[in-house]
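None of the values given here were measured: they were computed from a predicted structure. Both ligands and their constituent atoms are indexed starting at 1 by order of listing.
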Amino acid sequence: MATGYRERQHMHRLIIAAALLAAAACATTPAPATAGAALYQQYCASCHGAEALGDGPAAAALRTPVPDLSRISARHGGSFPAARVHEVIDGRAALPAHGSRDMPVWGYEFEARSAAGAPGRATAQALTTQLVDYLRSIQQTGQEEAARP
Ligand code: HEC
C-alpha cells in the first residue's frame with residue numbers, strides 16, 4: 001500500500017508539472033469557475049469522480065472512503081464552508097484528526113510545481129481558491145443524503 005501511495009504521489013507530480021506548464025503557456029486567464037473545473041478534472045476526478053460523487057476510478061484503492069464533493073453544503077446544514085474546504089484542499093492547516101490522510105496535500109504540490117519565478121505560495125492559494133469556487137458551484141441542494149460520507 002505504501003508503495004502504491006508513493007507511485008500515486010509521483011504520478012501527481014508529473015501531472016501537476018505538465019498542467020502548470022500548460023497553464024503558463026496560456027495567454028488568457030479563464031473565468032475562475034472554468035479554471036476550477038479544469039483543475040478539478042485534472043487533479044481530483046481520479047478519486048472524487050468526474051461528477052464529484054466520490055466514485056473516481058482510484059477511489060477503490062484507498063483505505064479511506066472518498067467523499068461526495070457535490071454534497072458538502074448538504075452535510076453542513078445547507079451552507080458551503082468555503083474556508084474549511086480551502087484548508088482541506090491546501091492540507092497544511094487542517095490535517096484530519098485520524099492518523100491516515102489519503103487526500104494529497106495540494107498546497108505543497110501546487111507550490112512546489114509553480115512556474116519558475118512565480119511566487120509559489122500565492123500561486124498555490126490562487127489555484128486552491130479556483131477549486132473552492134468550482135466546488136461551491138456544483139453543490140446539490142437538499143439534505144436527504146446528508147448522512148452519506
Ligand atoms: C488520491 C485520491 C484523492 C485525490 C486525487 C483527491 N482527493 Fe480529496 N479526498 C480524498 C479522500 C480519501 C478524502 C477523505 C478525507 C481523508 O483523506 O481522510 C478527501 C476529502 C476531500 C475533501 C473534504 C470533503 C469533506 O466534506 O470533508 C475535499 C473538499 C476534497 N477532498 C477536495 C479535493 C480536491 C479539490 C482535489 C483535487 C485538487 C482532491 N480532493 C483530490 C481523496 C482524494
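By the side chain to side chain contact (heavy atoms under 4.5 Å, CB included) test, Pro57 is found to be paired with no residue, residues two or more places apart in sequence or in another chain being considered. The side-chain hydrogen bond (donor to acceptor under 3.5 Å, both in side chains) test applied to Ser70 returns Asp68, Gln140, not counting sequence neighbours.
Atoms of ligand 1 found under 4.0 Å from any heavy atom of Leu131 (numbered from 1 in listed order, with element): 38 (C). Against a heavy-atom cut-off of under 4.0 Å, Ile89 is close to the following atoms of ligand 1: 32 (C), 35 (C). Every atom of ligand 1 with a heavy atom of Val88 under 4.0 Å away is listed here by number and element: 22 (C), 23 (C), 28 (C).
Of all the heavy atoms of Gln41, none lies under 4.0 Å from any atom of ligand 1, so neither backbone nor side chain is involved. Only the side chain of Leu62 comes within 4.0 Å of ligand 1, counting heavy atoms alone; its backbone N, CA, C and O stay farther away. Only the side chain of Pro104 comes within contact range of ligand 1, with a heavy atom under 4.0 Å; no backbone atom does. Residue contacts with ligand 1 for Trp106 involve side-chain atoms from C-beta outward but no N, CA, C or O (heavy atoms, distance under 4.0 Å).
Relative to atom 11 (C) of ligand 1, the option among Cys47, Pro67, Ala52 with the closest non-hydrogen atom is Pro67. Evaluated by nearest non-hydrogen atom to atom 28 (C) of ligand 1, the leading choice among Val85, Leu127, Leu69, Thr64 is Leu69. Residue nearest to atom 42 (C) of ligand 1, selected from His48, His86, Glu87: His48 (by heavy-atom distance). Between atom 25 (C) of ligand 1 and the options Arg75, His76, Arg63, Gln42, the minimum heavy-atom separation is to Arg75.
At under 3.5 Å, not a single nitrogen or oxygen of Tyr43, backbone or side chain, sits near a nitrogen or oxygen of ligand 1.
Interatomic distance, Leu127 CG to Trp106 CH2, rounded to the nearest 0.5 Å: 11.0 Å. Of the inter-residue distances, the one linking Gln139 atom CD with Tyr134 atom OH reads 10.5 Å to the nearest 0.5 angstrom. For the atom pair CZ (Arg71) and CG (Leu53), the distance works out to 9.0 Å, reported to the nearest 0.5 Å. The CG atom of Leu131 sits 5.0 Å away from atom SG of Cys44, with the distance rounded to the nearest 0.5 Å.
Taking every heavy atom of both residues into account, Gln41 and Ala50 meet most closely at NE2-O, 3.1 Å. Across all their heavy atoms, Ile89 and Val132 have their closest contact at CD1-CG2, 4.1 Å.
At least one heavy atom of Arg84 lies less than 4.0 angstrom from ligand 1.
With His48 contributing its side chain and Gly56 its backbone, the two residues share no donor-acceptor pair below 3.5 Å.
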